[in-house]
Amino acid sequence: MSKSLQAIRGMNDILPEQTPLWRYFESTVARLLDNYGYKQIRMPIVEFTELFKRSIGEVTDIVEKEMYTFEDRNGDSLTLRPEGTAACVRAVLEHGITGGGQTQKLWYIGPMFRHERPQKGRYRQFHQIGCEVFNLDGPDIDAELIVLTWRLWGQLGIRDAVKLELNSLGTSESRGRYREALVEYLSAHLDKLDEDSQRRLKTNPLRVLDTKNADTQAVLVDAPKMADYLDDESRVHFEGLKARLDAAGIPYVINPKLVRGLDYYSKTVFEWVTDKLGAQGTVCAGGRYDGLVEQMGGKPTPGVGFAMGIERLILLLETLEQVPEEIFRQVDVYLCAFGEAAELAALALSEKVRDQLPNLRLQINAGAGSFKSQFKKADKSGALYALILGDDELAQQVIGFKPLRGQGEQQNIAFDALAAHLATCIVQG
Ligand code: ATP
Ligand code: MG
């Protein structure tokens, strides 16, 4: 195949054999978020580039080197969204749905785009489900976001494989004081820092804390600690969060080096990490961003949220073999018909049955074929039952009903009684 006919590197097709798992995952999360009172919001995939520069921050990895930015035909600079928070904040401001101090508990799902080096668990188009909550400033809502993800891990059967890491970044004032102290300390050890950290020291010094470089890590051992610079309000908030997690029985570890890649966080930051996926171990990450809405031109509005990476969570489900078998069975009944007259009758009958059983997953054979070939297709479809209609059955206005997975004998059912019969043997979703 010529190159132009291939998908772009790092952007994946999700094939029919994989979509049941995606839908299982997505519907599990959607139901959970409904149950906790979150409402879905859908934003465009493309926004003005300025939005991301202003919200995520000019000196972050995303804005510096990962964005898909292009000029449209009007000459505007547009960007494929690299994350959801910026667009969500833009949307709530634009529609004035937080401006009077109203609480909004929102969630979104969709593709995000970052020009990174593709590898397992890291792609250029990937998918996130995220939550954003506005106008609640207490630790109770930070806790709720964590509690609901913990419940999700339980529902998915992956609780034992993920660990919660927590930190508090304080307010922008306390973080400013800490940043000064850190820069002063690191500047005195400049020659021992790796090149990247030397650069970050000037642009975004807190990010030096999450360096992977061993020499820089050694220097950091004696560096000033963020916790010693926390203001009282942030300290009380953090204690309140920890008390709630303790009350809910959710284990966590404090990671003082957890700083997150985006500029807009304050107070609480957290990550759910796993050691089962190699280097791409963070499956869900979030935190509080009390200054962001104001920074983007709105009234001061507290905010807190998270985003989870769907690909990584799906990889984790597969790695841990926590994929329920039944999600792949998508046909209840497969109808085989032989000859033109039977095909016509089968179509009319199956539409009647669908009227009565709207959730029945009935597949009707297309493309005719011998008894043997239709039966093979019925079996391959995963259906629990085959329905068989030939001239003999048609003459008697009955249809053959054959269990395909070894539950009972074949029998004939009158056309009129078919829906009622199916209703007794198939559990409908
Ligand atoms: P990482 O440190 O792995 O690059 P990040 O801090 O850039 O992650 P966030 O911006 O916090 O990630 O995004 C939230 C979640 O989205 C991540 O924890 C991860 O699960 C997922 N994610 C981020 N980037 C990618 C990607 N390129 N491919 C797949 N999933 C991703
Ligand atoms: Mg990243």
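Whatever order the structure lists them in is the order used to number ligands and atoms, beginning at 1. Note that this is a predicted model, so its numbers are computed, not measured.
- At a 4.0 Å cut-off, at least one heavy atom of Arg312 sits close enough to ligand 1 to count as contact.
- Under a 4.0 angstrom heavy-atom cut-off, Glu116 registers as being in contact with ligand 1.
- One finds no salt bridge joining Lys242 and Asp246 here, because no Lys/Arg side-chain nitrogen approaches an Asp/Glu carboxylate oxygen to under 4.0 Å.
- Side-chain N or O atoms of Gln104 include none that pairs as donor or acceptor with a backbone N or O of Asn135 at under 3.5 Å.
- Comparing Phe126, Phe306, Phe113 by heavy-atom distance to atom 22 (N) of ligand 1, the nearest is Phe126.
- Between Thr282 and ligand 1, an N or O atom pair is found at a separation short of 3.5 Å.
- Applying side chain to side chain donor-acceptor pair (under 3.5 Å) to Ser77 and the options Asp72, Thr69, Thr49 leaves one that passes, Thr49.
- Of the heavy atoms in Val283, only backbone atoms (N, CA, C, O) come closer than 4.0 Å to ligand 1.
- The residue from Arg122, Gln128, Gln280 that puts a heavy atom closest to atom 3 (O) of ligand 1 is Arg122.
- For ligand 1, the atoms lying closer than 4.0 Å to a non-hydrogen atom of Ala307 are 14 (C), 15 (C).
- Tested against Phe270, the residues Leu245, Leu166, Leu241, Asn255 include a single side chain to side chain contact (heavy atoms under 4.5 Å, CB included) partner, Leu166.
- Every atom of ligand 1 is numbered from 1 in the order shown, and the set under 4.0 Å from a heavy atom of Ala285 is 11 (O).
- Here the rule is side chain to side chain contact (heavy atoms under 4.5 Å, CB included) with Thr268, and of Asn167, Asp142, Asp290 only Asp142 fits it.
- A salt bridge links Arg354 with Glu351; the closest basic N to acidic carboxylate O contact falls under 4.0 Å.
- The closest approach between any non-hydrogen atom of Glu83 and ligand 1 is not below 4.0 Å.
- Using a cut-off of 4.0 Å between Lys/Arg side-chain N and Asp/Glu carboxylate O, Arg200 and Asp61 are scored as salt-bridged.
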